[in-house]
**Q** 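Before I ask anything, let me first share the structure, which is written out below as structure tokens.
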Amino acid sequence: MSRPVSWWSRAASATVGVLVTGLAAALVVAVLAVPNRLEDVERTSFVRLPAEAIVFLAVVLLLPPAMHRLRTVLVATACVLLALVAVSTLLDIGFFQVLNRPFDPMIDWQYAGSLVETVRGSAGGAWGEGLLVAAAALLLALVVLPPLAVLRVTHAAERHRRGALQAIAGLAAVWLVLGVLDARTGSGPVASHRASAYVYDQVSRVPSVLRDRREFGRAAEADPARDVPAADLLTGLRGKDVLVVFVESLGRVALEDPDISPEVVDVLDAGTRRLERADFAARSAFLTSPTFGAGSWLAHATLQTGLWVDSQQRYDLLVTSSRLTLTRLFARAGWRTVASVPANTRDWPQGAFYGFDHLYDSRNVGYRGPRFGYPNMPDQYTLDAFHRLELAPADRRPVMAEIDLITSHAPWSKVPRMVPPSEVGDGSVFKGMPRTLESEADIWPDPDRVRAAYAGAVAYSLEALVSFVLTHGDEDTVVVMLGDHQPATIVSGPDAGFDVPVAVLARDPAVLAAVDGWGWGEGLRPDADAPVWRMDAFRDEFLAAYGPDGHTGVLPAGAR
């Protein structure tokens with residue numbers, strides 16, 4: 001004989017059931033109502049009426065019993081859609097925080113591998129693995145819990161059909177009244193049709209994505225530089241070593257935000273004065289990058305090819321095209337072309353597209369020092385190794401190089417200290433230094449400390465470059481220094497633009513005279529009203545400036 005269930009056990013069970021159902025309903029509302037940008041989240045965000053849920057429950061409850069298969073299909077579809085909205089909202093929040101744009105499911109999934117590597121490199125060891133496990137667990141929860149919440153709420157409504165229909169009618173009336181009063185999303189307690197809108201947006205944009213593929217492919221093949229004779233290429237730079245130096249995350253905010261800029265501005269202005277005493281001069285302005293917060297390779301490809309490469313889809317198309325890079329054009333004109341990409345720890349298949357004669361990465365520059373978080377070597381070493389391996393040999397051709405400085409890569413912790421140039425050696429001088437520096441855990445809980453760390457990292461990268469030019473530069477040195485993109489929104493803010501500083505630096509006056517027509521200002525730091533070009537204009541403007549006198553065959557209309 002079974003043991004009778006006591007009254008309090010039944011009451012406790014009922015209470016738990018009501019609580020679980022209430023939590024499930026709250027989760028459904030939260031998924032449908034929460035904004036996809038953190039700055040839009042308000043206390044009222046979670047008390048808005050989700051029209052999708054009201055309509056869904058009404059349809060499910062009003063279907064006759066004979067249509068149970070249709071009811072099952074509707075419930076399953078709702079489960080899938082809610083999980084999709086939950087995951088997309090989380091990804092949108094992350095992408096807005098870093099890239100200042102929403103997640104693009106048709107393209108951005110390809111960044112997953114790079115993101116995992118960045119987390120592991122930035123927060124090594126158990127902490128980095130723990131972050132990845134936590135992120136995976138969160139994504140799994142968003143895939144599993146919202147569908148379970150839909151099932152719980154639906155079954156509860158079906159068990160109490162009459163009361164549920166009455167509640168739905170009341171909520172619908174409230175929603176309509178608030179709608180008439182124009183109290184919709186953002187200003188009142190009425191949720192937008194997030195799930196349906198999301199699906200509609202993704203389906204409706206497929207034709208434009210396909211059209212963009214076709215148009216970009218045609219643009220990549222229609223290269224105005226292809227027919228320029230080698231003898232007419234870069235004649236104004238013959239005999240010069242031309243170094244295109246990308247400073248990671250060097251954005252306009254580093255020069256103009258009063259909470260960040262003093263340290264960076266001091267380095268640039270002091271560097272300009274020191275370089276002038278060594279007879280170097282610079283011209284500077286701004287370029288608009290195609291990317292924000294990350295995706296450096298998009299900016300590199302844009303500068304190199306003269307095409308606007310603002311998505312992974314375009315990048316993937318580009319590297320399979322016959323478009324001539326700036327590197328290949330230098331090679332046609334007789335330069336040895338190399339790349340220094342210290343962040344790379346394995347082979348780089350896309351590097352073949354750029355046409356470098358040689359690639360340097362973390363494996364072949366002889367570094368014997370410690371890692372500094374994500375940056376696996378200090379910028380000072382990267383530049384010193386480049387000089388030793390490429391510029392120091394006496395019997396050589398002029399070199400054109402793309403050099404990536406990565407100390408200023410997020411998370412901007414463990415910034416090394418400069419050492420005397422003569423002591424850089426194989427990097428052993430840096431041993432023990434990371435242990436004396438702040439970690440990500442020290443910095444990232446406080447946005448003000450993140451911004452200060454960013455400023456210090458950028459200042460270090462710029463100081464390393466100035467020191468390199470003063471130590472190793474000569475009459476035949478030409479440096480194009482620029483940022484690849486603005487830093488993440490935790491530094492730049494949610495409304496920052498895409499501009500990055502750029503400067504051309506040389507000792508030979510003829511090199512700078514060739515760009516007088518650009519209207520760029522003097523010094524390494526551009527004025528606030530300096531010209532702003534899109535980054536894809538740079539390649540052909542550069543080729544025109546340093547081609548034969550009067551030659552503008554590769555200059556695009558409207559580039560200036």
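All values below come from the heavy atoms of this structure, side chains included, with hydrogens, waters and symmetry mates left out. Only a predicted model underlies this, so the values are computations on that prediction, with no experimental measurement involved.
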**Q** For the atom pair CG (Leu405) and CG (Asp484), what is the distance rounded to the nearest 0.5 Å?
**A** 10.0 Å

**Q** Test of understanding: with salt bridge (charged side-chain N to carboxylate O under 4.0 Å, His left out), list the residues that count as partners of Arg363, not counting sequence neighbours.
**A** Asp347, Asp361

**Q** For Thr235 and Gly547, which heavy atoms make the closest approach, and how far apart are they?
**A** OG1-C, 3.2 Å

**Q** Please state whether the rings of Phe468 and His387 are parallel, tilted or perpendicular, taking 30° and 60° as the class boundaries.
**A** perpendicular

**Q** Do the side chain of Gln486 and the main chain of Val253 share a donor and acceptor less than 3.5 angstrom apart?
**A** yes

**Q** Just say parallel, tilted or perpendicular for the rings of Trp518 and Trp533, cut-offs at 30° and 60°.
**A** perpendicular

**Q** Quick check: closest heavy atoms across Arg226 and Glu221, and the distance to 0.1 Å?
**A** NH1-O, 2.6 Å

**Q** If only atom types and distance count, is the side chain of Ser289 paired as donor or acceptor with the main-chain N or O of Phe498 below 3.5 Å?
**A** no

**Q** Look only at the side chain of Arg388 and the backbone of Val365, and say whether a donor-acceptor pair between them is shorter than 3.5 Å.
**A** yes

**Q** Taking the basic N atoms (NZ, or NE/NH1/NH2) and the acidic carboxylate oxygens, is any pair closer than 4.0 Å for Arg396 and Asp241?
**A** yes

**Q** Tell me whether Thr407 contacts the main-chain N or O of Ser461 through its side chain, where contact means a donor paired with an acceptor under 3.5 Å.
**A** no

**Q** Donor-acceptor check, side chain of Arg332 to backbone of Val228, threshold 3.5 angstrom: yes or no?
**A** yes

**Q** Quickly, which of Asp232, Leu233, Leu234 forms a side chain to side chain contact (heavy atoms under 4.5 Å, CB included) with Pro548? Name it, please.
**A** Asp232

**Q** To the nearest 0.5 Å, what is the distance between CD (Glu276) and CD (Glu522)?
**A** 7.5 Å

**Q** Between Asp310 and Arg534, does any NZ, NE, NH1 or NH2 come within less than 4.0 Å of an OD or OE carboxylate oxygen?
**A** no

**Q** Looking at Arg323 and Ala219, would you say the former's side chain and the latter's main chain have a donor-acceptor pair under 3.5 Å?
**A** yes

**Q** Might you point out which heavy atoms bring Leu237 and Trp335 nearest each other, and give the distance in Å?
**A** O-CZ2, 2.9 Å

